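Keep in mind it's a predicted model, so treat the numbers as computed, not measured. In what follows, chains are A, B, ... by sequence order, proteins preceding strands, each numbered from 1.
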Number of protein chains: 2
Amino acid sequence: MTSPRSRRERPAKPALTRAGIIDAAVAVLRAEGLAKLTMRRLAQELDTGAASLYVYVRNTAALHAAVLDELLGEVDLDTKNTGWAERLEAVLTSYAAVLFRYPGLAQSALVARPSGENYLRLVDTLLGLLAEGDVPRDQAAWGVDLLLQHATATAAEHADERPDEEWQAVFTAVRDASPDTHPHLAAARAELVSGAPEERLSWAFRALIAGIVHTPNP
Amino acid sequence: MTSPRSRRERPAKPALTRAGIIDAAVAVLRAEGLAKLTMRRLAQELDTGAASLYVYVRNTAALHAAVLDELLGEVDLDTKNTGWAERLEAVLTSYAAVLFRYPGLAQSALVARPSGENYLRLVDTLLGLLAEGDVPRDQAAWGVDLLLQHATATAAEHADERPDEEWQAVFTAVRDASPDTHPHLAAARAELVSGAPEERLSWAFRALIAGIVHTPNP
DNA sequence: ACCTGAACACCGTTCAAGT
DNA sequence: ACCTGAACACCGTTCAAGT
């Protein structure tokens with residue numbers, strides 16, 4: 001009585017698992033971007049209804065966090081530099097590079113922090129490098145938050161789809177600032193918009209590290 | 001022929017203007033929160049259709065940026081501390097306090113930076129304080145970005161509606177980290193979760209300022 | 001326990017047609 | 001130029017009913 005079509009039409013619908021859902025989510029993200037990574041679209045990909053996903057994923061924010069942790073597997077923790085500070089900067093730059101590919105995910109990550117295996121490994125590595133630099137443990141612990149936050153926030157800033165127009169607005173506003181009403185802004189016009197993104201990121205990491213090293217906890 | 005109702009039923013619908021739209025948006029934000037500040041809800045408030053707003057506001061991101069700039073009028077730029085660094089920290093804390101009231105807006109602000117009058121005044125003030133501390137102008141210019149980004153990102157981190165549960169996840173993950181696989185994480189367990197939010201914010205500002213002062217631009 | 005279809009309660013944005 | 005209603009193309013999440 002069972003028709004062959006019902007058994008063999010497609011390559012056997014796999015059972016839903018949390019891991020399978022996250023894998024499918026990463027696939028959708030890579031293929032179509034974060035905007036298309038919705039519960040409904042993801043359910044479609046898994047040949048089910050959106051409601052079924054809620055057994056394994058609390059909500060969209062949790063999905064984003066899980067997907068991000070998965071992507072953090074690509075961060076290069078084993079850099080070849082000699083000094084601890086240089087290796088620290090390299091790991092952070094690698095982390096930032098992963099997030100720069102999915103700025104919208106970085107934006108989510110600020111709110112729904114990942115707490116998966118890859119994230120923990122990253123934090124452990126950063127703490128290890130700071131310990132190697134003899135940074136007191138309490139400063140290192142608070143400092144790691146600061147370092148990861150900067151990388152994440154900088155990536156999130158690029159989540160805009162029309163970045164040229166937005167930048168134009170800021171650029172114009174700075175350019176048109178009168179020395180009478182905004183003396184310091186007018187004086188620092190050139191410096192405010194100077195530097196390549198990589199230069200500014202590198203400078204920021206070094207400034208953060210210097211600050212962490214030199215600022216004792218209360 | 002004209003019925004009285006059509007003229008006098010409500011207190012005369014005011015003409016749409018950009019300023020009026022932003023004012024209404026701030027009112028909706030204060031009364032119902034960012035989640036309810038949608039183009040449709042805002043249009044309802046102004047007794048018109050959502051489509052009408054698009055003459056004055058490019059999109060939702062631009063609306064958020066304009067609303068934030070409006071709120072930045074509340075930032076206290078004129079603090080009574082003696083040293084430039086203390087005043088700088090106080091202004092940043094005041095900025096953070098405004099954003100902490102609307103974490104979702106802070107999240108938007110990372111992507112769609114405001115470029116209105118209040119934002120420019122804030123940047124000008126921060127640059128002035130750094131100049132007072134004899135921080136070289138190029139370091140100050142890049143540093144202001146760093147300082148504002150940290151305050152904004154820290155506020156954005158609280159945009160979660162279920163913060164207890166999310167925090168539990170991180171807390172549990174850190175607590176359960178094995179010393180074998182995550183030695184530095186295990187060693188820094190206590191320090192990672194220590195400190196009141198205000199203490200950490202204050203420490204972060206001081207670390208950032210120290211880093212900015214001590215790190216020359218490339 | 002897991003899975004589902006359908007429903008609830010919304011969104012942003014565009015566009016042709018009006019004034 | 002501005003304003004509008006209606007339409008397009010979606011969302012996240014819940015829930016009763018099934019297995």
Side-chain angles (χ1 to χ4, degrees), chain A residues 1-2 6-7 9-10 12-22 24-25 28-29 31-67 104-105 107-108 111-112 159-162 165-166, chain B residues 1-2 6-7 9-10 12-22 24-25 28-29 31-67 104-105 107-108 111-112 159-162 165-166:
Chain A
M1 279 303 194
T2 326
S6 69
R7 274 213 214 125
E9 199 168 59
R10 44 171 72 219
K13 187 175 153 182
L16 284 180
T17 60
R18 189 179 151 90
I21 289 169
I22 308 301
V28 171
L29 176 72
E32 303 177 41
L34 187 66
K36 293 284 174 58
L37 178 50
T38 65
M39 296 302 252
R40 293 174 110 109
R41 173 73 187 78
L42 179 56
Q44 197 187 72
E45 195 71 14
L46 291 161
D47 204 11
T48 181
S52 307
L53 304 178
Y54 284 80
V55 177
Y56 304 95
V57 178
R58 187 190 299 280
N59 53 33
T60 307
L63 176 68
H64 286 177
V67 165
L105 211 53
Q107 204 188 356
S108 298
V111 178
D160 203 343
E161 276 163 43
R162 281 182 268 250
E165 294 169 40
E166 290 276 336
Chain B
M1 281 301 193
T2 326
S6 69
R7 274 214 211 124
E9 198 167 59
R10 44 169 75 221
K13 186 175 153 185
L16 285 178
T17 61
R18 188 177 152 93
I21 290 169
I22 308 301
V28 172
L29 176 72
E32 304 178 40
L34 188 66
K36 292 284 174 58
L37 178 50
T38 65
M39 296 302 252
R40 292 172 109 110
R41 175 71 187 78
L42 180 57
Q44 197 185 73
E45 194 70 16
L46 291 161
D47 203 12
T48 182
S52 306
L53 305 178
Y54 284 80
V55 177
Y56 304 94
V57 179
R58 187 189 300 278
N59 53 33
T60 307
L63 176 68
H64 286 177
V67 165
L105 211 54
Q107 203 187 358
S108 297
V111 178
D160 204 342
E161 275 163 45
R162 281 182 267 251
E165 295 169 40
E166 291 274 338

*asked:* Using OP1 and OP2 only, check whether a side-chain N or O of A:Tyr54 sits under 4.0 Å from D:dC15.
replied: no
*Phosphate contact (C:dT4 OP1 or OP2) by A:Ser52 side-chain N/O below 4.0 Å*: yes
Of C:dC2, C:dT13, D:dT13, the nucleotide closest to the side chain of B:Arg40 is C:dT13
Atom CE of B:Met39 and atom C1' of C:dT14 are separated, to the nearest Å, by 12 Å
In whole angstroms, the gap separating P of C:dT14 from CG of B:Leu53 amounts to 13 Å
Nearest-Å distance once atom C1' is located in both C:dA9 and D:dC10:
14 Å
So B:Thr38, base contact, sugar-phosphate only, or nothing? Heavy-atom distance under 4.0 Å.
sugar-phosphate
From CG of A:Leu16 across to P of D:dT19 the rounded distance in Å is 18 Å
Winner on side-chain proximity to A:Ala51, out of C:dG5, D:dT4, C:dC11, is C:dG5
A:Leu34 CG to D:dC10 P, in whole Å, measures 16 Å
Sequence neighbours excluded, the answer for side chain to side chain donor-acceptor pair (under 3.5 Å) partners of A:Thr38 is none
Encoded 5' to 3' (Watson-Crick or G-U under 3.5 Å; [ ] crossing; | other strand), DNA chain D becomes ||.|||||...|||||.||
| task | Look only at the side chain of A:Tyr56 and the backbone of A:Ile21, and say whether a donor-acceptor pair between them is shorter than 3.5 Å. | result | no
Picking from D:dC11, C:dC2, C:dT4, the nucleotide nearest the side-chain atoms of A:Thr48 would be C:dT4
Separation of D:dA9 atom P from A:Gln44 atom CD, nearest Å, is 15 Å
When rounded to whole Å, the CG to C1' distance for the pair B:Leu63 and C:dT13 reads 14 Å
Closest heavy-atom pair, A:Met39 versus A:Ala50, reported as atoms and distance to 0.1 Å, is O-CB, 4.1 Å
- Compare side-chain N and O positions of B:Thr60 against OP1 and OP2 of C:dT13 and report whether any pair is under 4.0 Å apart. yes
Note: A:Leu63 and A:Ala25 closest approach over all heavy atoms is CD1-CB, 4.0 Å
